Every structure is written in C-alpha cells, then in structure tokens.
Number of protein chains: 2
Amino acid sequence: MTLIELKFVLAVAQERNFRRAAEKCFVTQPALSLGIKKLEEELGVSLFERNRNEVTPTTIGEQIIAQANIVLEQAGKIKEMAKQGNDPLNGTFKLGIIHSVGPYLLPEMIPPLVKMAPHMPLEVEENITATLEQQLRNGVIDAAVVALPFDVPGVETIPLYDEDFNVVVPVNHPWAHRKTVSPDELSNEKVLLLNTGHCFSNQVTQACPELNRKGEVLQGNSLETIRNMVASNLGITVLPAMATAARYQNPLLQVIPFTKPAPSRRIALAWRKSFVRTAAIEVLEKVMSDIGKQQTTLTIG
Amino acid sequence: MTLIELKFVLAVAQERNFRRAAEKCFVTQPALSLGIKKLEEELGVSLFERNRNEVTPTTIGEQIIAQANIVLEQAGKIKEMAKQGNDPLNGTFKLGIIHSVGPYLLPEMIPPLVKMAPHMPLEVEENITATLEQQLRNGVIDAAVVALPFDVPGVETIPLYDEDFNVVVPVNHPWAHRKTVSPDELSNEKVLLLNTGHCFSNQVTQACPELNRKGEVLQGNSLETIRNMVASNLGITVLPAMATAARYQNPLLQVIPFTKPAPSRRIALAWRKSFVRTAAIEVLEKVMSDIGKQQTTLTIG
DNA sequence: TCAATTGATAAGTTAAATTAATAGATATAC
DNA sequence: GTATATCTATTAATTTAACTTATCAATTGA
C-alpha cells in the first residue's frame, strides 16, 4: 500500500473513469490501472466495479475510499507541519542557564529576542552547570548559558561576554568608602557564597585562593538571597558585574571593584554540534552578547 | 513521502539508533538512512539530530513523528477493513425484486439465506422491472429478481424457477367447481390486473390475447389488494403459482389451474457482469431456486 | 593510540514503476 | 448489423527508484 496508490483510488472514485483519473494524477492510464490492481491484490478485495459505462466503487470499496481520504488528509498535515516548522526561528527553544546569570541576563534579553525571533518562545531551565551539561547532552535543553571553561565532547561553545567580579559590602562596613579591594584581602572577611555546586562560587574561590574553606556556604540557589544577607550585615560577598548593574542599586550596599586585574569570568553559549537550528543559536548569541557587553560596562564603580 | 519512509521515521524514533531501526524494518542501515534523508529533503526539515551517542528527534521532528503515527494507524485500518470485507458474503446485499414475486419469495428465503450467509443482510427494493433495470445498471442495487425475458446489456441472468399462472375466482363464481379453465375463456370475465407497468399483467395479457383491453387495470402495486377484491366479488384474477401456495389459502376464494399447457413465466436472478461478489450471487441463486421450485410444486390444484 | 561503533557515502545491482503500443470488450451511431 | 468510438486490461520495453555491499569519517571508550 502506497500513498500514491491511495491517491489513485481517490481519483478514480471522484472521476469514475480510469482515463480521467490518470490524467488528474499526471500518469498514464495503464500506470493507474496497475496501481489500483496492485492495491486490490494486496488488500484482497475489489475496490471498483469496471463497466463500460461507469466505474463504481464496491461496498467495501466505498469504505476504503473514505478511509483513504482520512489517510491522505493526515499525511498532508505532515507537509503542513513541515512547512510551518522549517524555520529554525519557529518553535520553542529550550535554554538552560546558570543561576548566577539567569536573573540578570534574561529580563534584559527577552525584548530584543522577541523582536528578532517573534515565533520562538524560550523555555528556560535555570540550574547548575553539571546538570545543564547533562541536559544539554541528553537533548533536554537545546543550548545552555554557562561560564567557561565548558569542555564537553560533541558540544560547541561561543563566548558571549566577560564580566568582572565586584565586592559587595554593607554601607557601614569599613571598606564602604574604598575605591578598590584586592582579592587577597577577602581572606579576613566573612564571605557569603553559594554552595560549591555553583560555578560562580568556584570561580570566586579560585580568584581568591586565601578564601578557600573560609567562605560561608549557603544552600540557596539565589545570589539575591546573599545580597539581602549582606544588606543585613551578615557578611560581605562577591557578585558578577551584571548583578551589580545600576538598576540593582541598593542604599544599604556598596559595590567595590577589585584592584586591576580584576578577577572575572567568561560567559558563553553552548550547544550540541549536531543541533540543527543554527540560525536560532546565532540569534541568541547576538542578543545575549549585546546585552552582556552593554550591561557589564554600565557597572557602578 | 511514502508510508515506508514514515515507518522508517517511527522506527528511528523508537530505537534512537539507525542500525537497530533498520533491522526492525528488515532493511540495511544505508537504505534506512537514505529513506530518512529523502523525507527530510522533501519536507525541508531535519527530523533527527544525529549524535554519536544518540539520535534525538528535533522539535519539529517530534511533531511529525506523532503525526506519522496517526497516518500509519489510519492506513492500517484500511488493511483491517479489507480483511474484514474481503468475504463476498460479508456486507449488505442490495436486492431488487418485482412486486409479483417479493411478498411470496422473500419471507421464505430469508431463513435459509441467513443460515448460508449470516453476515450478509439483505436490503430489499421492491419495484417494477423498468425501474429495477435502471437501478441495476446504475449500481443502486446489486442484483434483481425479475421475470424473463430480461435482456439488458452488461447484465447476466440465471433462471431460478418456472411458475404456472392460476385463475382465482370467488367461491360463489360459476367456475368455482371447475377443474381447469382455458385462457381464452377469460375474455368474457371481469379480470382484475395491476397496471401495465407491472410485468405480471403483461405476461397474463400475453397468455390470454383475448383479454387485451378488457382487463380491469388497478393502480395499486399489490396482488394482495386484487386478491381481496376478488374475495369481495368484484371480479376474478390470475395469480402466479407462488401466490397461490397452501398458506395463502382463503375460504372465500377458489384457485383453478389453466388447462395444459398452462401459461407460465420464468423467474430469474439478474446482475451486472462486472459485479464482483459472485459468491453472493451463487448463494442467492441456490436459496431462491430451491424455495421457488419447492413452493411452486406445492400449489393447490 | 587503537579497536569498536555509529551514521554517511559511493558504486553496483536488483526491483519496481511507468510508458507506449495494442488488444479485448462494450456501447453508440448509422 | 456493421462500423466506429471509447474504455480498461495487457504486454513488452524503458526508465526510475530502491536497496545492498563495501567503505569512509567521526567519535567514543579502553
């Protein structure tokens, strides 16, 4: 049974004439006759009664014609779906993002993204790097926003932007009026950080080796919780540049840059090499790197 | 797009591996790869993301896989329908029958027919020969029970049984105690007949030439109406043997055979030569000729 | 680094579909 | 009744496509 054979059947049913049906199908009459015959033999039933005057469907033929209509209709939907869906910028995009980037990058990037790809809604999965890596490889997400290095077999990355780290202290802290702070100095302070599963904590402890084993580890997933704790005089912390952008200003907090060269991290977009919606990747890369570069240069000194 | 290609797609979707999918489809891996590729090119979309580790459907791929499932399911129904319907003795049989036979043959034939073909319900159309001929040619009915001659192009006939004509008179009629009546004698009587559209009337007037233009023509379609009118002393009539069988006995009526050779008619089954359910024809022929021969020999003399 | 596994590719072969030409059957016209 | 026209079936030849075998390139895991 072939879709073409079913088309032949429908044409004969409509035209009630093999020759005209063949014309309609753009084949010669014998081709159509043989097609119908082949189907009839395969099914073991006569579909049409051939007369000189008229070709008439048999009882079972009528039923099968009706069903053939349904089959071709449903098959046509596949083509429709393909036509609609062959735009890489059409259809949900599943994006993973680390906790220390999501809350700051996403709100900014959504408007320009909607402008560039109006038919590509984002489904965002905020998680830690290790989980994102797994989800990326499994195809649970299409791409991930992570901090480099991110060396995963079969996964490609492109840097989006670099962001410096900044020290954040309560306004009544002794450092509150300092212009810069050296990474080494943090070893004497109570530094609040996310737990070690979060890459940002690792990056900070890597940048401030003295801090190792002294940083206060929290179980939450949110830098905002830490920011609020700092505002409550429970310690100090380190935040990435984008989390200290102008609009996150807080009268209870003071942001202090590190002495140059400031520790920083490189945020990148990662996707499977085999992922086919490359146009979607390109759009995301453009939008996010624009936002990232813009936001990290507007940091309050 | 081919049903086989859709099967390939489903196999890959299930197995998530081209090689295993190919085995499942009883083809080699390149055949399956090419099939998928061909479909992808036709549709203009990637259906699967090929990794070393795993083959994963794309977003649009998942939609199309779901739809392919529907298509194959519906296509499978065609095969089921064919399997169920490939029995010629399965499915409604549309039978036409003339008014002067239907009421007497049908009640008798249904029980043995149900026994021989339990899954072939009859849809009976009782009408005059001219209409039946048209309906037979148009395929409105599958076969017709008519009186010979019935020469219609493209239509085949087989005789079922012969039935003599009998004279029917009221019990108080002068002929009531006669053993036989000659056709010529009817010319002096008031003979009630159906109108000329009915073949039986024609057959009677043909058998009794003197009767021409003297028979009382009625507009009804029922011999039973005439029988009742005869019982009411409105005239006499002629009925076919099967209508005078034992069970139609009436104390107000007397049935008298014609003198030999009695006028008679030959009842036959007619069907389009192109009609494919020949087994159904054979069953009907067997059942009806059996009943016909049995009933016409049980006629009251 | 090496063997193993996966999907893609190329060439050759087999199978299938299609066409062109014709036959057979039936109805319509004269 | 014969002839003509029309319709589907059939046959043989050709073209098309589908499939197989063998091989490649890429990747993975030991």
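These numbers were taken from a predicted model, which means no experiment stands behind them.
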Heteroatom pairs (N/O) under 3.5 angstrom, protein to nucleotides 9-15 of chain C:
| residue | atom | partner | partner atom | Å |
| --- | --- | --- | --- | --- |
| dT9(C) | OP2 | K37(B) | NZ | 3.1 |

Checklist entry - If each of R19(B) and T28(B) is mapped to the nucleotide of DNA chain D with the nearest heavy atom, which maps nearer the 5' terminus, i.e. the 5' end? => result T28(B)
Checklist entry - For A31(B) and R16(A), take the nucleotide of DNA chain D holding the closest heavy atom to each; which residue's nucleotide lies nearer the 5' end? => result R16(A)
Checklist entry - For the pair made of CZ in F8(B) and C1' in dA17(D), what is the distance, rounded to whole Å? => result 13 Å
Next on the checklist: Measure CG/D151(B) against P/dA27(C) and give the value in whole Å, please.
Outcome noted: 13 Å
Item to check | Residues forming a salt bridge (Lys or Arg N to Asp or Glu O under 4.0 Å) with E285(A), sequence neighbours excluded | outcome: none
Item to check | Distance test, side-chain N/O of N17(A) to OP1/OP2 of dT8(D), below 4.0 Å | outcome: yes
Got a list of side-chain donor-acceptor pairs under 3.5 Å for residues 60-74 of chain B, not counting sequence neighbours?
| residue | atom | partner | partner atom | Å |
| --- | --- | --- | --- | --- |
| Q67(B) | NE2 | Q74(A) | O | 2.9 |
| Q67(B) | NE2 | Q74(A) | OE1 | 2.7 |
| Q74(B) | OE1 | Q67(A) | NE2 | 2.7 |

Item to check | E5(B) side-chain proximity, nearest of dA18(D), dT19(C), dG7(C) | outcome: dA18(D)
Item to check | Stepwise side chain to side chain donor-acceptor pair (under 3.5 Å) test for T278(A) and E282(A) | outcome: CA-CA 6 Å; T278(A) 48; E282(A) 282 166 21; 4.8 Å; no
Checklist outcome for this item: From CD of E15(A) across to P of dT8(D) the rounded distance in Å is 11 Å
Item to check | Whole-Å gap separating C1' (dT6(C)) and CZ (F48(B)) | outcome: 15 Å
Next on the checklist: Test your reading of the model: is there a side-chain donor-acceptor pair from R265(A) to the backbone of F200(A), 3.5 Å cut-off?
Outcome noted: no
Item to check | K38(B) vs dA18(D): side-chain N/O to OP1/OP2 distance below 4.0 Å | outcome: yes
Checklist entry - Which comes earlier along DNA chain C counting from the 5' end, the contact point of T2(A) or that of K273(B), where each point is its nearest nucleotide? => result T2(A)
Item to check | R266(A) and E163(A) ion-paired at < 4.0 Å | outcome: no
Checklist entry - How close or far is atom P of dA16(C) from atom CD1 of I4(B), stated in whole angstroms? => result 10 Å
Next on the checklist: Nearest heavy atom decides the nucleotide; on that basis, is V155(B) or L32(A) closer to the 5' end of DNA chain C?
Outcome noted: L32(A)
Checklist entry - Once you round it to whole Å, what is the distance between C1' of dA18(D) and NZ of K7(B)? => result 15 Å
Next on the checklist: Using OP1 and OP2 only, check whether a side-chain N or O of R50(B) sits under 4.0 Å from dA8(C).
Outcome noted: yes
Checklist entry - With the threshold set at 4.0 Å, does a side-chain nitrogen-carboxylate oxygen contact exist between E125(B) and K94(B)? => result no
Item to check | Side-chain donor/acceptor of R50(A) to backbone N/O of F48(A), under 3.5 Å | outcome: yes
Checklist entry - Just how far, in rounded Å, is C1' of dA17(C) from CG of L39(A)? => result 15 Å
Checklist entry - How close or far is atom P of dC7(D) from atom CD of E23(A), stated in whole angstroms? => result 10 Å
